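Beneath this line is the structure, given in C-alpha coordinates, with notes to follow.
Residue numbers start from 1 in every chain, and the chains themselves are labelled A, B, ... in the order their sequence lines are given, proteins ahead of strands. Given the structure is predicted, the values throughout are model-derived calculations rather than measurements.
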Amino acid sequence: VSPLAKLLEAALFAAARPLTRDDLAQLDPQAGELEVARALDEVVAAYAGDEHGVELVEIAEGWQFLTRREYAETLERAQIALRPRRLSPAALETLAIIAYRQPVGRLEVDEIRGVDSGAVIDKLVERGLIEVVARGEGLGRPLLYGTTPPFLEILGLKDLGDLPRLDELAVALRPPAPAEPE
Amino acid sequence: MTTPVLRDSAGFVVELEQFSGPLDLLLHLIREDELDITDLPVARIADQFLAAIHDLGLDQAADYLEMAARLLRIKAQMLLPRRLGDDEWDDPRAELVRRLLEYQQIRELVGWLEGASAARAERFGRGYEAPPPDAPPAPLVIELNELLAAAERVAALIPEPMLHRVVPRPLDVEGATTRILALVAARAEFGWRDIVGDGSSVVDVLSAFIALLELARRGTVSLHQPEPFTPFVIRRESPREAA
(Lines give C-alpha, C1' and ligand atoms only; values in the text may rest on other atoms or scores of the structure.)
Protein backbone atom coordinates (compact mmCIF):
# COMPACT_ATOMS: atom_id res chain seq x y z
CA VAL A 1 0.00 0.00 0.00
CA SER A 2 1.44 3.37 -0.99
CA PRO A 3 2.07 6.05 1.65
CA LEU A 4 -0.41 8.34 -0.12
CA ALA A 5 -3.12 5.67 0.09
CA LYS A 6 -2.55 5.40 3.82
CA LEU A 7 -2.81 9.18 4.16
CA LEU A 8 -6.11 9.17 2.27
CA GLU A 9 -7.37 6.32 4.42
CA ALA A 10 -6.51 8.30 7.55
CA ALA A 11 -8.31 11.38 6.26
CA LEU A 12 -11.42 9.40 5.27
CA PHE A 13 -11.40 7.68 8.64
CA ALA A 14 -11.19 10.95 10.55
CA ALA A 15 -13.76 12.87 8.52
CA ALA A 16 -17.36 13.10 9.68
CA ARG A 17 -18.53 13.96 6.15
CA PRO A 18 -17.82 12.68 2.65
CA LEU A 19 -14.49 13.92 1.25
CA THR A 20 -14.40 14.94 -2.39
CA ARG A 21 -11.51 14.36 -4.79
CA ASP A 22 -10.56 17.99 -4.21
CA ASP A 23 -10.51 17.49 -0.44
CA LEU A 24 -8.26 14.46 -0.89
CA ALA A 25 -5.94 16.13 -3.40
CA GLN A 26 -5.25 18.97 -0.97
CA LEU A 27 -3.75 16.56 1.57
CA ASP A 28 -0.55 16.27 -0.40
CA PRO A 29 0.24 19.22 -2.63
CA GLN A 30 3.12 17.28 -4.24
CA ALA A 31 0.86 14.53 -5.52
CA GLY A 32 -0.58 14.82 -9.00
CA GLU A 33 -4.20 14.17 -9.90
CA LEU A 34 -3.39 10.76 -11.34
CA GLU A 35 -1.44 9.77 -8.24
CA VAL A 36 -4.33 10.70 -5.96
CA ALA A 37 -6.79 8.80 -8.15
CA ARG A 38 -4.55 5.72 -7.99
CA ALA A 39 -4.12 5.99 -4.23
CA LEU A 40 -7.89 6.34 -3.81
CA ASP A 41 -8.40 3.23 -5.94
CA GLU A 42 -6.04 1.42 -3.57
CA VAL A 43 -8.07 2.38 -0.51
CA VAL A 44 -11.34 1.56 -2.24
CA ALA A 45 -9.96 -1.84 -3.24
CA ALA A 46 -8.79 -2.52 0.32
CA TYR A 47 -12.33 -2.08 1.62
CA ALA A 48 -14.17 -3.56 -1.34
CA GLY A 49 -14.15 -7.08 0.07
CA ASP A 50 -16.25 -8.60 2.79
CA GLU A 51 -13.58 -8.34 5.44
CA HIS A 52 -14.58 -5.12 7.21
CA GLY A 53 -17.50 -3.89 9.22
CA VAL A 54 -17.32 -0.60 7.36
CA GLU A 55 -17.50 0.19 3.65
CA LEU A 56 -15.96 3.02 1.72
CA VAL A 57 -19.01 4.42 -0.01
CA GLU A 58 -19.15 6.84 -2.91
CA ILE A 59 -21.62 9.44 -1.79
CA ALA A 60 -22.39 13.15 -2.24
CA GLU A 61 -19.67 13.58 -4.85
CA GLY A 62 -17.08 12.13 -2.47
CA TRP A 63 -16.19 9.14 -0.34
CA GLN A 64 -17.11 8.27 3.20
CA PHE A 65 -16.67 5.32 5.53
CA LEU A 66 -20.08 3.99 6.53
CA THR A 67 -20.96 1.02 8.68
CA ARG A 68 -22.45 -1.96 6.91
CA ARG A 69 -26.20 -2.05 6.82
CA GLU A 70 -26.52 -5.35 8.70
CA TYR A 71 -25.24 -3.73 11.91
CA ALA A 72 -27.83 -0.94 11.93
CA GLU A 73 -30.09 -2.42 14.59
CA THR A 74 -27.36 -3.65 16.91
CA LEU A 75 -25.54 -0.34 16.85
CA GLU A 76 -28.73 1.57 17.37
CA ARG A 77 -29.85 -0.61 20.25
CA ALA A 78 -26.50 -0.05 21.94
CA GLN A 79 -26.94 3.70 21.38
CA ILE A 80 -23.64 3.88 19.58
CA ALA A 81 -25.39 5.45 16.64
CA LEU A 82 -28.91 6.56 15.90
CA ARG A 83 -30.93 6.66 12.72
CA PRO A 84 -31.87 10.23 11.87
CA ARG A 85 -35.50 11.25 12.12
CA ARG A 86 -37.46 10.62 8.95
CA LEU A 87 -38.53 13.56 6.86
CA SER A 88 -42.21 14.42 6.73
CA PRO A 89 -44.20 13.80 3.54
CA ALA A 90 -44.45 17.56 3.05
CA ALA A 91 -40.67 17.91 3.31
CA LEU A 92 -40.07 15.04 0.88
CA GLU A 93 -42.56 16.45 -1.64
CA THR A 94 -40.83 19.80 -1.49
CA LEU A 95 -37.38 18.20 -1.80
CA ALA A 96 -38.51 16.14 -4.79
CA ILE A 97 -39.80 19.22 -6.59
CA ILE A 98 -36.69 21.25 -5.84
CA ALA A 99 -34.35 18.39 -6.80
CA TYR A 100 -35.93 18.05 -10.23
CA ARG A 101 -36.74 21.66 -10.99
CA GLN A 102 -33.79 23.50 -9.50
CA PRO A 103 -33.27 26.36 -9.50
CA VAL A 104 -36.89 26.86 -8.53
CA GLY A 105 -38.86 29.48 -6.60
CA ARG A 106 -41.38 29.02 -3.85
CA LEU A 107 -44.36 29.90 -6.03
CA GLU A 108 -43.68 27.00 -8.37
CA VAL A 109 -43.37 24.61 -5.44
CA ASP A 110 -46.66 25.94 -4.02
CA GLU A 111 -48.31 25.51 -7.39
CA ILE A 112 -47.25 21.89 -7.82
CA ARG A 113 -48.05 20.88 -4.24
CA GLY A 114 -51.28 22.88 -4.12
CA VAL A 115 -50.38 24.21 -0.66
CA ASP A 116 -48.32 26.97 0.89
CA SER A 117 -44.78 25.59 1.19
CA GLY A 118 -43.05 28.56 2.80
CA ALA A 119 -42.70 26.98 6.23
CA VAL A 120 -41.43 23.68 4.81
CA ILE A 121 -38.88 25.46 2.64
CA ASP A 122 -37.63 27.47 5.61
CA LYS A 123 -37.17 24.27 7.60
CA LEU A 124 -35.28 22.56 4.79
CA VAL A 125 -32.97 25.58 4.46
CA GLU A 126 -32.40 25.44 8.20
CA ARG A 127 -31.47 21.77 7.97
CA GLY A 128 -29.07 22.59 5.15
CA LEU A 129 -30.77 20.31 2.62
CA ILE A 130 -31.55 23.15 0.22
CA GLU A 131 -30.14 26.62 -0.24
CA VAL A 132 -30.77 29.78 -2.19
CA VAL A 133 -28.83 29.39 -5.42
CA ALA A 134 -30.03 32.37 -7.43
CA ARG A 135 -32.67 35.06 -7.75
CA GLY A 136 -35.30 34.74 -10.42
CA GLU A 137 -36.45 37.29 -12.95
CA GLY A 138 -39.72 39.08 -12.45
CA LEU A 139 -41.55 40.73 -9.65
CA GLY A 140 -39.53 40.99 -6.45
CA ARG A 141 -36.74 38.86 -7.93
CA PRO A 142 -37.86 35.73 -6.06
CA LEU A 143 -35.35 33.48 -4.30
CA LEU A 144 -34.56 30.32 -6.23
CA TYR A 145 -33.63 27.17 -4.35
CA GLY A 146 -31.44 24.20 -5.15
CA THR A 147 -30.28 21.08 -3.32
CA THR A 148 -27.02 20.88 -1.32
CA PRO A 149 -24.41 18.14 -0.72
CA PRO A 150 -26.13 17.19 2.57
CA PHE A 151 -29.23 16.43 0.48
CA LEU A 152 -27.21 13.85 -1.47
CA GLU A 153 -25.73 12.63 1.80
CA ILE A 154 -28.99 11.86 3.58
CA LEU A 155 -30.23 9.99 0.52
CA GLY A 156 -26.97 8.16 -0.08
CA LEU A 157 -26.67 9.49 -3.64
CA LYS A 158 -23.41 9.95 -5.55
CA ASP A 159 -24.83 12.90 -7.41
CA LEU A 160 -28.15 14.16 -8.80
CA GLY A 161 -27.73 11.71 -11.68
CA ASP A 162 -28.57 8.93 -9.20
CA LEU A 163 -32.15 10.19 -8.94
CA PRO A 164 -34.58 8.22 -11.09
CA ARG A 165 -35.13 9.72 -14.52
CA LEU A 166 -38.62 11.12 -14.94
CA ASP A 167 -39.31 8.95 -17.99
CA GLU A 168 -38.54 5.90 -15.84
CA LEU A 169 -41.43 6.62 -13.51
CA ALA A 170 -44.71 4.73 -13.72
CA VAL A 171 -46.54 8.03 -14.09
CA ALA A 172 -45.11 9.49 -17.24
CA LEU A 173 -46.04 13.05 -17.97
CA ARG A 174 -46.84 14.37 -21.36
CA PRO A 175 -44.20 16.86 -22.50
CA PRO A 176 -43.57 19.36 -19.71
CA ALA A 177 -46.34 21.90 -19.55
CA PRO A 178 -45.37 25.37 -20.66
CA ALA A 179 -45.05 27.82 -17.83
CA GLU A 180 -48.42 29.39 -17.19
CA PRO A 181 -48.83 33.03 -16.47
CA GLU A 182 -51.13 32.17 -13.59
CA MET B 1 -55.03 15.27 13.67
CA THR B 2 -54.81 18.74 12.21
CA THR B 3 -51.90 20.88 13.23
CA PRO B 4 -52.61 24.52 12.64
CA VAL B 5 -49.38 26.43 12.28
CA LEU B 6 -49.43 30.18 12.55
CA ARG B 7 -47.17 31.90 10.07
CA ASP B 8 -46.57 35.59 9.82
CA SER B 9 -46.79 35.90 6.05
CA ALA B 10 -49.38 33.40 4.93
CA GLY B 11 -51.77 33.39 7.82
CA PHE B 12 -52.95 29.87 8.36
CA VAL B 13 -51.26 26.69 7.18
CA VAL B 14 -52.87 23.35 7.85
CA GLU B 15 -50.71 20.24 7.93
CA LEU B 16 -52.37 16.87 8.13
CA GLU B 17 -50.75 13.58 8.93
CA GLN B 18 -52.97 11.90 6.43
CA PHE B 19 -52.92 14.27 3.49
CA SER B 20 -50.21 16.70 2.56
CA GLY B 21 -52.57 18.93 0.61
CA PRO B 22 -55.77 19.16 -1.45
CA LEU B 23 -54.16 17.42 -4.43
CA ASP B 24 -53.16 14.52 -2.19
CA LEU B 25 -56.71 14.25 -0.87
CA LEU B 26 -58.10 14.42 -4.40
CA LEU B 27 -55.73 11.68 -5.58
CA HIS B 28 -56.76 9.56 -2.63
CA LEU B 29 -60.44 9.89 -3.55
CA ILE B 30 -59.70 9.09 -7.19
CA ARG B 31 -57.68 6.00 -6.28
CA GLU B 32 -60.26 4.84 -3.79
CA ASP B 33 -62.88 4.70 -6.51
CA GLU B 34 -60.40 3.57 -9.17
CA LEU B 35 -61.36 6.47 -11.39
CA ASP B 36 -59.57 7.42 -14.59
CA ILE B 37 -57.69 10.64 -13.98
CA THR B 38 -57.72 11.61 -17.64
CA ASP B 39 -61.50 11.25 -17.85
CA LEU B 40 -62.46 12.51 -14.46
CA PRO B 41 -66.16 12.42 -13.44
CA VAL B 42 -65.92 15.92 -12.01
CA ALA B 43 -69.45 16.20 -10.63
CA ARG B 44 -68.99 13.06 -8.56
CA ILE B 45 -65.48 13.86 -7.37
CA ALA B 46 -66.44 17.44 -6.48
CA ASP B 47 -69.22 16.18 -4.20
CA GLN B 48 -66.90 13.65 -2.59
CA PHE B 49 -64.23 16.27 -2.08
CA LEU B 50 -66.68 18.63 -0.37
CA ALA B 51 -67.92 15.83 1.87
CA ALA B 52 -64.34 14.81 2.70
CA ILE B 53 -63.13 18.28 3.70
CA HIS B 54 -66.25 18.68 5.77
CA ASP B 55 -65.60 15.38 7.57
CA LEU B 56 -61.94 16.25 8.10
CA GLY B 57 -62.86 19.66 9.46
CA LEU B 58 -60.97 21.36 6.66
CA ASP B 59 -63.76 23.60 5.42
CA GLN B 60 -61.88 26.57 6.88
CA ALA B 61 -58.52 25.78 5.27
CA ALA B 62 -57.88 28.09 2.32
CA ASP B 63 -55.91 25.60 0.21
CA TYR B 64 -58.69 23.04 0.41
CA LEU B 65 -61.42 25.64 -0.15
CA GLU B 66 -59.68 26.89 -3.24
CA MET B 67 -59.61 23.37 -4.67
CA ALA B 68 -63.29 22.91 -3.78
CA ALA B 69 -64.14 26.13 -5.64
CA ARG B 70 -62.09 25.02 -8.63
CA LEU B 71 -63.87 21.67 -8.78
CA LEU B 72 -67.28 23.34 -8.60
CA ARG B 73 -66.33 25.73 -11.40
CA ILE B 74 -65.24 22.85 -13.61
CA LYS B 75 -68.39 20.95 -12.72
CA ALA B 76 -70.45 23.94 -13.87
CA GLN B 77 -68.44 24.34 -17.06
CA MET B 78 -69.00 20.68 -17.90
CA LEU B 79 -72.74 21.30 -17.78
CA LEU B 80 -72.64 23.98 -20.47
CA PRO B 81 -74.17 22.69 -23.71
CA ARG B 82 -71.78 22.03 -26.58
CA ARG B 83 -72.44 21.10 -30.15
CA LEU B 84 -71.78 17.56 -31.28
CA GLY B 85 -68.52 17.16 -33.09
CA ASP B 86 -67.21 20.46 -31.88
CA ASP B 87 -63.47 20.10 -32.15
CA GLU B 88 -62.88 23.52 -30.70
CA TRP B 89 -64.16 22.43 -27.30
CA ASP B 90 -61.58 22.97 -24.58
CA ASP B 91 -61.93 20.36 -21.89
CA PRO B 92 -62.34 22.42 -18.70
CA ARG B 93 -60.71 19.56 -16.82
CA ALA B 94 -57.44 19.75 -18.72
CA GLU B 95 -55.58 22.00 -16.29
CA LEU B 96 -56.69 20.00 -13.26
CA VAL B 97 -55.76 16.72 -14.93
CA ARG B 98 -52.32 18.08 -15.78
CA ARG B 99 -51.77 19.15 -12.18
CA LEU B 100 -52.98 15.83 -10.84
CA LEU B 101 -50.64 13.87 -13.09
CA GLU B 102 -47.77 16.16 -12.16
CA TYR B 103 -48.54 15.74 -8.50
CA GLN B 104 -48.86 11.98 -8.86
CA GLN B 105 -45.39 11.95 -10.32
CA ILE B 106 -44.10 13.89 -7.32
CA ARG B 107 -45.73 11.37 -4.99
CA GLU B 108 -43.95 8.57 -6.82
CA LEU B 109 -40.65 10.41 -6.39
CA VAL B 110 -41.45 10.87 -2.70
CA GLY B 111 -41.76 7.11 -2.40
CA TRP B 112 -38.39 6.69 -4.06
CA LEU B 113 -36.75 9.31 -1.83
CA GLU B 114 -38.23 7.64 1.25
CA GLY B 115 -36.69 4.33 0.24
CA ALA B 116 -33.32 5.92 -0.48
CA SER B 117 -33.18 7.80 2.81
CA ALA B 118 -34.31 4.72 4.79
CA ALA B 119 -31.49 2.69 3.21
CA ARG B 120 -28.97 5.44 3.90
CA ALA B 121 -30.17 5.73 7.50
CA GLU B 122 -29.08 2.14 8.14
CA ARG B 123 -25.44 3.00 7.58
CA PHE B 124 -23.70 5.21 10.07
CA GLY B 125 -20.89 7.59 9.39
CA ARG B 126 -18.44 8.81 11.94
CA GLY B 127 -19.12 11.60 14.34
CA TYR B 128 -22.32 10.45 15.97
CA GLU B 129 -22.69 11.82 19.42
CA ALA B 130 -25.48 10.93 21.74
CA PRO B 131 -27.82 13.90 21.97
CA PRO B 132 -26.57 16.08 24.81
CA PRO B 133 -28.76 16.61 27.83
CA ASP B 134 -30.70 19.83 27.55
CA ALA B 135 -28.21 22.65 27.53
CA PRO B 136 -28.42 25.05 30.45
CA PRO B 137 -30.07 28.27 29.35
CA ALA B 138 -27.74 31.00 28.26
CA PRO B 139 -27.26 33.82 30.76
CA LEU B 140 -30.05 36.30 30.34
CA VAL B 141 -29.06 39.68 29.00
CA ILE B 142 -31.97 42.06 29.02
CA GLU B 143 -32.70 45.74 29.28
CA LEU B 144 -35.07 47.02 31.93
CA ASN B 145 -37.40 48.34 29.25
CA GLU B 146 -37.55 44.95 27.54
CA LEU B 147 -38.28 43.30 30.85
CA LEU B 148 -41.11 45.73 31.58
CA ALA B 149 -42.54 45.29 28.10
CA ALA B 150 -42.39 41.51 28.48
CA ALA B 151 -44.07 41.70 31.86
CA GLU B 152 -46.82 43.81 30.34
CA ARG B 153 -47.34 41.32 27.55
CA VAL B 154 -47.62 38.50 30.07
CA ALA B 155 -49.92 40.52 32.29
CA ALA B 156 -52.16 41.26 29.32
CA LEU B 157 -52.60 37.53 28.80
CA ILE B 158 -53.92 36.94 32.30
CA PRO B 159 -57.70 36.78 32.11
CA GLU B 160 -59.69 38.94 34.50
CA PRO B 161 -60.16 36.68 37.51
CA MET B 162 -63.64 35.75 38.65
CA LEU B 163 -64.11 37.43 42.01
CA HIS B 164 -66.43 36.31 44.75
CA ARG B 165 -67.08 38.63 47.62
CA VAL B 166 -67.17 36.72 50.87
CA VAL B 167 -69.31 38.46 53.46
CA PRO B 168 -68.63 37.48 57.04
CA ARG B 169 -71.81 36.38 58.78
CA PRO B 170 -71.70 36.93 62.48
CA LEU B 171 -72.58 33.48 63.73
CA ASP B 172 -73.00 33.70 67.47
CA VAL B 173 -72.56 30.12 68.60
CA GLU B 174 -71.30 31.15 72.00
CA GLY B 175 -74.34 33.28 72.71
CA ALA B 176 -76.65 30.49 71.58
CA THR B 177 -74.79 28.03 73.79
CA THR B 178 -75.25 30.28 76.81
CA ARG B 179 -78.94 30.62 76.06
CA ILE B 180 -79.43 26.87 75.69
CA LEU B 181 -77.46 26.14 78.85
CA ALA B 182 -79.75 28.53 80.71
CA LEU B 183 -82.75 26.59 79.38
CA VAL B 184 -81.13 23.27 80.32
CA ALA B 185 -80.54 24.53 83.86
CA ALA B 186 -84.19 25.55 84.13
CA ARG B 187 -85.94 22.60 82.46
CA ALA B 188 -85.15 18.93 82.01
CA GLU B 189 -86.86 18.90 78.63
CA PHE B 190 -87.76 21.57 76.15
CA GLY B 191 -88.38 22.04 72.45
CA TRP B 192 -86.56 23.55 69.48
CA ARG B 193 -89.15 26.28 69.42
CA ASP B 194 -88.07 27.41 72.89
CA ILE B 195 -84.64 28.25 71.50
CA VAL B 196 -85.58 29.92 68.24
CA GLY B 197 -88.71 31.94 67.95
CA ASP B 198 -90.61 32.90 64.82
CA GLY B 199 -88.70 36.14 64.43
CA SER B 200 -85.25 34.49 64.40
CA SER B 201 -82.94 35.24 61.53
CA VAL B 202 -81.12 32.58 59.50
CA VAL B 203 -77.98 33.44 61.43
CA ASP B 204 -79.73 32.87 64.76
CA VAL B 205 -81.13 29.52 63.59
CA LEU B 206 -77.72 28.38 62.36
CA SER B 207 -75.98 29.52 65.55
CA ALA B 208 -78.50 27.70 67.68
CA PHE B 209 -78.30 24.55 65.61
CA ILE B 210 -74.51 24.41 65.75
CA ALA B 211 -74.56 25.11 69.49
CA LEU B 212 -77.08 22.34 69.96
CA LEU B 213 -75.04 19.82 68.03
CA GLU B 214 -71.94 20.76 69.99
CA LEU B 215 -73.77 20.35 73.30
CA ALA B 216 -75.14 16.98 72.21
CA ARG B 217 -71.63 15.92 71.26
CA ARG B 218 -70.36 16.94 74.67
CA GLY B 219 -73.18 14.95 76.24
CA THR B 220 -74.80 17.91 77.97
CA VAL B 221 -78.10 17.33 76.16
CA SER B 222 -79.64 14.63 74.00
CA LEU B 223 -81.66 15.33 70.90
CA HIS B 224 -84.79 13.52 69.87
CA GLN B 225 -87.07 13.86 66.94
CA PRO B 226 -90.31 11.91 67.52
CA GLU B 227 -91.25 11.89 63.87
CA PRO B 228 -89.69 13.15 60.66
CA PHE B 229 -90.13 16.89 60.11
CA THR B 230 -91.25 17.58 63.63
CA PRO B 231 -89.38 19.94 65.98
CA PHE B 232 -86.57 18.50 68.14
CA VAL B 233 -87.09 17.64 71.71
CA ILE B 234 -84.08 18.52 73.81
CA ARG B 235 -83.44 16.65 77.09
CA ARG B 236 -80.98 17.35 79.80
CA GLU B 237 -78.48 14.51 80.20
CA SER B 238 -77.11 13.57 83.56
CA PRO B 239 -73.57 14.92 83.71
CA ARG B 240 -70.96 12.31 82.90
CA GLU B 241 -67.28 12.07 82.43
CA ALA B 242 -65.93 13.12 79.10
CA ALA B 243 -64.87 10.14 77.06
request  = May I ask you to name which of A:Leu92, A:Leu87, A:Leu75, A:Leu95 has the most heavy-atom pairs under 4.5 Å with chain B?
outcome  = A:Leu92

key: Heavy-atom closest pair, residues A:Gly114 and B:Asp63   = O-CB, 3.8 Å

key: Minimum heavy-atom distance between B:Ile106 and A:Ala96, given as atom pair plus value   = CG2-CB, 4.4 Å

inquiry  = Would the distance check show the side chain of B:Arg123 and the main-chain N or O of A:Ala72 forming a donor-acceptor pair, the cut-off being under 3.5 Å?
reply    = no

message = Can a donor-acceptor pair be found, under 3.5 Å and without considering hydrogens, that links the side chain of B:Arg99 to the backbone of A:Ile112?
response = no

Measuring heavy-atom distances to chain B, does [X] have an atom under 4.5 Å in its side chain, in its backbone, in both, or in neither?
X	value
A:Ile154	backbone
A:Leu163	both
A:Glu55	side chain
A:Glu93	both
A:Val57	side chain
A:Ala15	backbone
A:Tyr100	side chain

Tell me if the [atom1] atom of [X] is crowded by more than 12 foreign heavy atoms within 6.0 Å.
X	atom1	answer
B:His54	NE2	no
A:Glu70	CD	yes
A:Leu139	CG	no
A:Glu73	CD	no

What I'd like to find out is whether the side chain of [X] reaches to under 4.5 Å of the side chain of [Y], using heavy atoms alone.
X	Y	answer
B:Arg107	A:Pro89	yes
B:Pro22	A:Val115	yes
B:Glu114	A:Arg86	yes

message = Strictly by salt bridge (Lys or Arg N to Asp or Glu O under 4.0 Å), give each pair with a member in residues 134-159 of chain A just once, sequence neighbours left out.
response =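 Passing the test, one end in residues 134-159 of chain A: no pairs.
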
Residue pairs, two or more places apart or on separate chains, that pass ring pair (Phe, Tyr, Trp, His ring centres under 6.0 Å) and touch residues 29-48 of chain A =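 Listed once each, the pairs are A:Tyr47-A:His52, A:Tyr47-A:Phe65.
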
query = Hey, are B:Glu122 and A:Arg68 close enough for a salt bridge, meaning a charged N less than 4.0 Å from a carboxylate O?
reply = no

ask   = Should the pair A:Arg101-B:Glu102 be classified as a salt bridge under the 4.0 Å nitrogen-to-oxygen rule?
value = yes

ask   = Rounded to the nearest 0.5 Å, how far apart are CG of A:Leu82 and CZ of B:Phe124?
value = 7.0 Å

key: Reported CG-to-CG distance for the pair A:Leu157 and B:Leu113, which is rounded to 0.5 angstrom   = 8.0 Å

query = Run the side-chain contact (heavy atoms from CB on, under 4.5 Å) check on A:Ile97 and B:Leu109 step by step: do they pass?
reply = CA-CA 9 Å; A:Ile97 294 166; B:Leu109 288 171; over 6 Å; no

query = Do A:Arg113 and B:Tyr103 meet the cation-pi criteria used here (NZ or CZ under 6.0 Å from the six-membered ring centre, within 45° of the axis)?
reply = no

ask   = Taking it one step at a time, do A:Ile59 and B:Arg120 satisfy side-chain contact (heavy atoms from CB on, under 4.5 Å)?
value = CA-CA 10 Å; A:Ile59 183 172; B:Arg120 168 65 186 84; 3.5 Å; yes

